[in-house]
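Along the sequence shown, residues carry numbers from 1.
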Amino acid sequence: MGNKYVLLLVLLCSFKLYAQDSRFKVIGTVDTKYNDSLITLFTFTGDIVRTVDSTYVKNGRFGFEGWEYLYEKSLISLGNYPDTVLSAEVFLEGGNISVELKEMSSVHSPLMDDYKIFQDSCRVLWKQFSIEKDIVLKKKLYDQFFFYRYIFKKKHIHNVLGRSIFLDDVSYSDDPYFAQLYEMLSDRDRSREDVKVQYEYWEKRNRRLQLKGRQFIDFTLVDSLGKEKKISDYIGKYKLLFLDFWASWCAPCRAQEPHLFRLYQKYRDKDFGILGISLDASKTSWLSILQKKENLWPNLCIINKEDEKCIRELYCITGIPFGVLIDKSGKIVDVVNVGWQHLEMILNEYYKANNGDSCKNGDL
């Protein structure tokens, strides 16, 4: 009987410790001018409000207690949500959570403090990478940056913090750890709409990267006079041909035009050419833009909306501006999806690797 009582006592103590570790306690402060104001704690499941808890400010203090909930960020607000006066996002982890509500609210908890250290370290690593001139050291710092982020995301992949960083990092085209982390997600997380959207984006980007080394995909388009032209009509005329996918309604496309002009002027004597391909469904909008700008290279436009859909799918275009660099044989040298800076880097490396070999147009 004695052993049974000991076992029961151990179980009760374990449950008590678990309960303590699994409950959060928000200890909040705010300016005393907000005394007697309503403070509300919202928890969410996706975009849906899951629970609501309210209290009032007394002597500049307020508090909440409850079970740990880390599936989504939670929100503490003073005033009526969403028209709040003051607010703070919190992770409702077990233990004490210190919140100071003000114009720039501050939150302290083990998880939040860990996150702040992570952010500061990432900024340091990226700054070191950005200013490093040595190619070998630069590559090492680049790898360290992504590995450090991977370790942090892996540690927190089963809570909202890790999942949020994981989804945000899809924007890094060179992040090598997405697939590994995706496999660590629970079935519930994989079924989330935000996860599915980012996974589809990642898959399309991978297919886009696989275009490198393959032959270009030909399309029939029209020129400004309405005559049908094919991409293949321009292949072989240049050592490198850049297909610039754009549209009249795309502000970033228009913003990068001066930089494309500069790169064209810089490399045209090295047999570099550009072919503009507009994804405008409206020919009128496309032609109105062409009339206003200096056209140093040929421009074509899609024939109909179905062509746009087909081009986007086969070239794995997730957004514009977007570009494809093609060599004289029609092989895709690289894909440019992050703007003119990426193109300039590719051109610099390409011509440097080819010892600045330049042959004039017409000498091919």
Side-chain angles (χ1 to χ4, degrees), residues 24 42-51 68-77 81-82 87-94 97 105 107 109-127 129-130 142-210 252 312-313 316-322 335-339 342:
F24 69 84
F42 296 91
T43 65
F44 303 88
T45 300
D47 295 327
I48 300 171
V49 176
R50 172 178 173 266
T51 62
E68 179 180 81
Y69 180 71
L70 290 173
Y71 191 63
E72 302 282 5
K73 287 181 183 178
S74 298
L75 179 71
I76 295 175
S77 69
Y81 176 78
S87 66
E89 289 186 332
V90 295
F91 301 111
L92 296 181
E93 60 181 308
I97 303 169
S105 297
V107 179
S109 67
L111 185 57
M112 183 60 79
D113 292 344
D114 198 19
Y115 180 44
K116 289 177 180 176
I117 293 171
F118 165 76
Q119 289 179 306
D120 290 342
S121 299
C122 285
R123 279 192 285 267
V124 170
L125 284 171
W126 190 256
K127 183 177 181 180
F129 159 76
S130 300
Y142 197 64
D143 292 341
Q144 285 178 354
F145 174 79
F146 283 114
F147 184 69
Y148 178 72
R149 294 185 73 86
Y150 164 70
I151 293 300
F152 188 85
K153 287 181 287 187
K154 181 181 177 181
K155 177 181 177 182
H156 297 289
I157 196 62
H158 296 300
N159 64 45
V160 58
L161 177 58
R163 188 179 67 243
S164 297
I165 300 172
F166 163 74
L167 294 178
D168 289 343
D169 279 4
V170 179
S171 59
Y172 287 114
S173 60
D174 295 330
D175 185 354
Y177 300 107
F178 181 90
Q180 292 172 244
L181 290 164
Y182 179 79
E183 291 301 319
M184 297 177 193
L185 291 174
S186 66
D187 291 340
R188 180 190 184 189
D189 282 345
R190 291 187 201 177
S191 67
R192 289 173 56 98
E193 189 61 28
D194 54 353
V195 174
K196 288 193 289 187
V197 167
Q198 291 297 72
Y199 183 75
E200 289 174 5
Y201 177 88
W202 175 79
E203 277 195 319
K204 180 168 281 190
R205 188 186 67 203
N206 271 10
R207 293 199 304 273
R208 183 169 64 226
L209 293 174
Q210 290 170 12
R312 284 182 179 273
E313 181 63 28
C316 304
I317 302 174
T318 54
I320 52 177
F322 177 84
V335 176
V336 180
N337 69 311
V338 288
H342 188 198

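- Scanning all heavy atoms of the two residues, the minimum distance from Glu72 to Gly46 falls at OE2-N, 2.9 Å.
- For Asp120, the side-chain hydrogen bond (donor to acceptor under 3.5 Å, both in side chains) partners are Arg123, not counting sequence neighbours.
- Under the ring-ring contact (aromatic ring centres under 6.0 Å, His included) test applied with Phe129, the options Tyr148, Phe145, Tyr142 reduce to a single match, Tyr142.
- Checking side-chain atoms of Ser105 against main-chain N and O of Ser87 turns up a donor-acceptor pair under 3.5 Å.
- Judged as a salt bridge (Lys or Arg N to Asp or Glu O under 4.0 Å), and not counting sequence neighbours, Glu203 has no contacts.
- Residues satisfying the side-chain contact (heavy atoms from CB on, under 4.5 Å) test with Lys155, not counting sequence neighbours, are Asp114.
- Tyr71 is linked by a ring pair (Phe, Tyr, Trp, His ring centres under 6.0 Å) to nothing, counting only residues two or more places apart in sequence or in another chain.
- Residues satisfying the salt bridge (Lys or Arg N to Asp or Glu O under 4.0 Å) test with Lys127, not counting sequence neighbours, are none.
- In this structure, CZ on Arg163 lies 12.5 Å from CD on Gln198, to the nearest 0.5 angstrom.
- With sequence neighbours excluded, no residue forms a side-chain hydrogen bond (donor to acceptor under 3.5 Å, both in side chains) with Ser164.
- Put simply, CD1 on Ile157 and CD on Glu183 are 11.5 Å apart, with the number rounded to the nearest 0.5 Å.
- Counting heavy atoms from C-beta outward, Ile151 and Phe147 have side chains that approach closer than 4.5 Å.
- Counting heavy atoms from C-beta outward, Phe118 and Ile165 have side chains that approach closer than 4.5 Å.
- Between Phe42 atom CZ and Ser74 atom OG the span is 11.0 Å, to the nearest 0.5 Å.
- In terms of the side-chain contact (heavy atoms from CB on, under 4.5 Å) criterion, residue partners of Tyr182 (sequence neighbours excluded) are, by chain and number, Phe166, Phe178, Leu185, Arg190, Val195, Tyr199.
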### Task
Determine, step by step, whether Phe322 and Val336 satisfy the side-chain contact (heavy atoms from CB on, under 4.5 Å) criterion, reporting the C-alpha distance in whole Å, the side-chain angles of both residues, the deciding distance to 0.1 Å, and the verdict.
CA-CA 6 Å; Phe322 177 84; Val336 180; over 6 Å; no
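- Judged as a side-chain contact (heavy atoms from CB on, under 4.5 Å), and not counting sequence neighbours, Glu200 has no contacts.
- At a cut-off of 3.5 Å, with distance as the only test, a side-chain donor of Tyr115 or Gln119 sits close to an acceptor on the other residue.
- Between Glu89 and Leu75, some side-chain heavy-atom pair lies under the 4.5 Å cut-off.
- When all heavy atoms are compared, the tightest approach of Val107 to Met112 is O-CG, 3.3 Å.
- Annotation: Phe91 is not in aromatic contact with Phe24 [ring centroid separation under 6.0 Å not met].
- The side-chain hydrogen bond (donor to acceptor under 3.5 Å, both in side chains) test applied to Lys196 returns no partner, not counting sequence neighbours.
- For the ring pair (Phe, Tyr, Trp, His ring centres under 6.0 Å) test, residues two or more places apart in sequence or in another chain that qualify with Tyr150 are Tyr177.
- A donor-acceptor distance shorter than 3.5 angstrom exists from the side chain of Ser186 to the backbone of Asp189, with no hydrogens or angles considered.
- One distance of note links CD1 of Ile117 with SG of Cys122; it measures 12.0 Å at 0.5 Å rounding.
- Residues satisfying the side-chain contact (heavy atoms from CB on, under 4.5 Å) test with Asp194, not counting sequence neighbours, are Leu167, Arg192.
- For Ser109, the side-chain hydrogen bond (donor to acceptor under 3.5 Å, both in side chains) partners at least two apart in sequence or on another chain are Glu93.
- Using bins of under 30°, 30° to 60° and over 60° for the plane-to-plane angle, the ring pair Phe152/His156 lands in the tilted bin.
- Contact annotation: the side chain of Leu70 approaches that of Leu111 to within less than 4.5 Å [non-hydrogen atoms, C-beta and beyond].
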### Glu193 and Asp47: CA distance, side-chain angles, deciding distance, side-chain contact (heavy atoms from CB on, under 4.5 Å) verdict
CA-CA 11 Å; Glu193 189 61 28; Asp47 295 327; over 6 Å; no
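- Under the 3.5 Å distance criterion, with hydrogens and angles disregarded, a donor-acceptor pair is assigned to the side chains of Thr51 and Thr43.
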